[in-house]
There are 2 protein chains.
Amino acid sequence: MWETIAHDIVMPRPKSGTSLRARKASGLSVSLKSLAEHVGLSQAAVSLVINSSPGAKSIPHRTQELIRKAARELNYRPNHIARSLRQQRSYTIGVVVPEISEGYAALVMSGIEDHLLQEGYFYFVVSHRHRDELIQEYPLMLQQRAVEGLIAVDTAITSASQVPLVAVSGHRELPGVTNIVLDHALAATLAMEHLTKLGHRQIAFIKGQAFSSDTAIRWESVRNAAQALGVTINERIVGQLEGESSSPELGYVVTKKLLASGEPFTALFAFNDISAIGAIQALREGGRSIPQDVSVVGFDDIQSAAFQNPALTTVRQPLREMGMLAAETLLLRIAAPPGAEYPKEIVVQPELICRASTATAPSA
Amino acid sequence: MWETIAHDIVMPRPKSGTSLRARKASGLSVSLKSLAEHVGLSQAAVSLVINSSPGAKSIPHRTQELIRKAARELNYRPNHIARSLRQQRSYTIGVVVPEISEGYAALVMSGIEDHLLQEGYFYFVVSHRHRDELIQEYPLMLQQRAVEGLIAVDTAITSASQVPLVAVSGHRELPGVTNIVLDHALAATLAMEHLTKLGHRQIAFIKGQAFSSDTAIRWESVRNAAQALGVTINERIVGQLEGESSSPELGYVVTKKLLASGEPFTALFAFNDISAIGAIQALREGGRSIPQDVSVVGFDDIQSAAFQNPALTTVRQPLREMGMLAAETLLLRIAAPPGAEYPKEIVVQPELICRASTATAPSA
DNA sequence: AACAGCTACTAAATCGGTTTAGTATGCTAT
DNA sequence: ATAGCATACTAAACCGATTTAGTAGCTGTT
């Protein structure tokens, strides 16, 4: 007895050698093999022409045109995976960020993307959310996917990588790493000069989280700038962000503590714009007007800084430019012969953006 | 005569068959072939064991352990590209967004990422910045890179795709597309009810840009809700965002025009939070306090909405959830047999987030 | 003794391109 | 006549895995 078992009947998947008609009908894209059969030439010839390889110079124009025309008509697009495998080049890089939805990372990525796509590269992004095992694992997973290089944004990658690595605000002085760093000394000086010129002496600070790569250097720069300007730092009005998320909430909490200390201050320099926004909230709840009673300076100049009320005075990091620079440097390093020299550090300049959250200090 | 031409001496790149020692020394990762040679078994056996394939069940435990141990020690990681080519599966999808650095797209992507990485998928992101030729071209480039599916965020993809496509706030009713859409009727009702309960009758509106996929449906819903609540819409205080960027500036410009019309209004319902933020700026410059003189309602609930001053009342779109849902749906569609049924539309619910930018209408 | 059936593997095809080495053909120069 | 050379290609290896079909060796059964 024969039974028709409907759910066992499966459309046979045509192999790559099958006729064009079959491939197209089944939704498969046109392969080099079928294209070659269609024009009656070898795969080699077609490949050489499609890629305008040096080897194609002996192929006459008429034949080249024939091939190109057929490729166009059949909408042939070389399978990128097959090409990657053979050429041992993926035209892909990996980007590791703390959290993709954060304004900081988003701006850097926007810059990265700008340069990469232009050069025919694509990229994978992964957010590690400060989980150590992911920070370890993601670079390996990315390399398994044959990325040609890595960009780490605000992330201290510790596992050595087989591929070039560019860090944006990441670690310092690791072998094989190019660091894109801000001129922190200048950044601190810009902010501190601005505040002292406005007459502020009692300045509160919010330091970054301990895990953030910029925290230490930024704080050191602030201390140096303060000293140079003759400002003494009162440790009782120095707070530190705590927690792994990046929401204004963190700045809010720290600022509440600063207020609770009872210590007077007329200005506050926050670790970043996000925490400055939370700080302003807390200051207002504590009955201070911004900037009449307390001036607030942020850091980064994320997009929403300009549209706060009051608009935030901040030290601008050129984040998009840093992303572009990272991508550019990485591609150069990829193209360079192995063992070639590479830049260990590239310094970019901050800029003070004066808006409405700072004003002259209230007379004591 | 023999000459030593130093710069022509090139390290020979060992082939995959070469000894382990050679591969590791030259920085190449360990291949299946070299691993197999190392343990004295065939590539097939090693592959079966590594992947725990059904075919490995006839291989005794001792041998399996031997293989696994060697793999661990040599830090063998299968080349993902080779695997993709053979299996015809890339475990990669493509995500098309207007601009990666925008809060809206960033939140959706964050949700997408959450689900994808968990399932072993990676993704490429591309920002088209509303350029038509890129909206056409990127999906093709992504398919060339063998993505198994596409997610389009707030983007009307028109070229038919060979792979499953999920649109978040994208087009409607295209064959082959699953749309993740907000319940716009409910969204409009929530906002309008809130405003009318507060006593507002003269309400200004900011519509979205013509190219934005949500503009039409949202406006229709607002009109329906207004009618149901007995509110008449005064077309002279209905503005529309213009320009392709997404900065508060656009909302600022429109609101300036609304004010210039001279027509009175006590509330404003903006197309999104970004434009609401710009609108507040313009209203303030026009001498109105928020919310005493004018109440403002935004849309989306992007991260910075809560930290505006005043904190923004807004209709929350569950953006992260929409991203997760999109990823989940896409993976289900990828796993489904070709030709299988799939959801055409998935509706998600908005939520009114009452903050400080709305208050009772000033008595006339 | 012959055969089936199981165990423990392996050989070889395959994915879809790229690239190297080679070959057939026709032409020119000796 | 034939070596030499350019032209116009092609055959086949290769990238690094997965996967199918098959085989050698052993045990147990009739």
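Computed from a predicted structure; not experimentally measured. All chains are named by letter (A, B, ...) in the order of the sequence lines, taking the proteins before the strands, and each is independently numbered beginning at 1.
- Atom OH of Y91(B) is separated from atom P of dT18(D) by 11 Å (rounded to the nearest Å).
- Remark: S47(A) engages L32(A), N51(A) in a side chain to side chain contact (heavy atoms under 4.5 Å, CB included) (not counting sequence neighbours).
- Here dG16(D) presents its P atom at 13 Å from CD of Q87(A), a figure rounded to the nearest Å.
- Residue N51(B) places at least one side-chain N or O under 4.0 Å from the OP1 or OP2 atom of dT18(D).
- Taken over five-pair windows at either terminus, the axes of the helix from dA1(C)-dT30(D) to dT30(C)-dA1(D) are inclined to one another by 80° (rounded to 10 degrees).
- Contact between the side-chain N/O atoms of S47(A) and the OP1/OP2 oxygens of dT18(C) is found at a separation under 4.0 Å.
- Under the side chain to side chain donor-acceptor pair (under 3.5 Å) criterion, Q87(B) pairs with no residue, sequence neighbours left out.
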Please tabulate, for the side chains in residues 116-128 of chain A, all donor-acceptor contacts under 3.5 angstrom to protein atoms that are two or more places apart in sequence or on a different chain.
{"unit_1": "Y121(A)", "atom_1": "OH", "unit_2": "R89(A)", "atom_2": "NH2", "d": "2.6"}
{"unit_1": "Y121(A)", "atom_1": "OH", "unit_2": "E148(A)", "atom_2": "OE1", "d": "2.7"}
{"unit_1": "S127(A)", "atom_1": "OG", "unit_2": "I100(A)", "atom_2": "N", "d": "3.0"}
{"unit_1": "S127(A)", "atom_1": "OG", "unit_2": "E113(B)", "atom_2": "OE1", "d": "2.7"}
{"unit_1": "S127(A)", "atom_1": "OG", "unit_2": "E113(B)", "atom_2": "OE2", "d": "3.2"}
{"unit_1": "H128(A)", "atom_1": "ND1", "unit_2": "H130(A)", "atom_2": "N", "d": "2.7"}
{"unit_1": "H128(A)", "atom_1": "NE2", "unit_2": "T155(A)", "atom_2": "OG1", "d": "2.8"}

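- Residues V96(A) and I151(A) fail the side-chain proximity criterion, which asks for heavy atoms closer than 4.5 Å.
- Contact check of residues 139-148 of chain A against DNA chain C (heavy atom, cut-off under 4.0 Å) returns no residues at all.
- In the region residues 53-65 of chain B, proximity to DNA chain C at under 4.0 angstrom, judged on heavy atoms, holds for S58(B), P60(B), T63(B).
- Taken from CG in L150(B) to CG in L165(B), the straight-line distance is 6.0 Å, to the nearest 0.5 Å.
- Using a 3.5 Å distance cut-off with no hydrogens or angles, the side chains of R145(B) and S84(A) do not pair a donor with an acceptor.
- Each of H61(A), R62(A), R68(A) was checked for a side-chain hydrogen bond (donor to acceptor under 3.5 Å, both in side chains) with Q64(A), and the lone residue meeting it is R68(A).
- Contact annotation: the side chain of I180(A) approaches that of V166(A) to within less than 4.5 Å [non-hydrogen atoms, C-beta and beyond].
- Put simply, OG1 on T63(A) and CG on L41(A) are 6.5 Å apart, with the number rounded to the nearest 0.5 Å.
- Between L85(A) atom CG and dA13(D) atom P there is a gap of 17 Å when expressed in whole angstrom units.
- With sequence neighbours excluded, the residues that form a side chain to side chain donor-acceptor pair (under 3.5 Å) with K69(B) are E73(B).
- Counted by atom type alone, R77(B) and S29(B) present zero donor-acceptor pairs between their side chains at under 3.5 Å.
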Distances for protein N or O near nucleotides 20-23 of chain C N or O, under 3.5 Å:
none

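- Using a 4.5 Å heavy-atom cutoff, the side chains of L74(B) and L35(B) are in contact.
- Going from atom CZ of R83(A) over to atom C1' of dG16(C) covers 11 Å, rounded to whole Å.
- Remark: R129(B) engages S110(A), D114(A), E99(B) in a side chain to side chain donor-acceptor pair (under 3.5 Å) (not counting sequence neighbours).
- Between Q88(B) and dG16(C), a side-chain N or O to OP1/OP2 separation shorter than 4.0 Å is present.
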Identify each atom pair where a protein N or O and an N or O of nucleotides 24-29 of chain C are less than 3.5 Å apart, giving names and distance.
none

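- When the nucleotides dG17(C), dA17(D), dT10(C) are ranked by their closest atom to the side chain of L41(B), dT10(C) comes out on top.
- In this structure, I50(B) atom CD1 and dG16(D) atom C1' are separated by 14 Å, rounded to whole Å.
- If you take CG of L32(A) and P of dT19(C), they are 12 Å apart, rounded to a whole angstrom.
- Using a 4.5 Å heavy-atom cutoff, the side chains of V177(A) and I157(A) are not in contact.
- When rounded to the nearest whole Å, the span between CD of Q43(A) and P of dC15(C) equals 11 Å.
- Residues in residues 155-164 of chain A take part in no salt bridge (charged side-chain N to carboxylate O under 4.0 Å, His left out) pair, two or more places apart or across chains.
- With hydrogens and angles left out, the side-chain atoms of T178(A) and E345(A) include no donor and acceptor closer than 3.5 Å.
- For E341(B), there are no side chain to side chain donor-acceptor pair (under 3.5 Å) partners, not counting sequence neighbours.
- At whole-Å resolution of the value, CD1 in I81(B) and C1' in dT18(C) are 14 Å apart.
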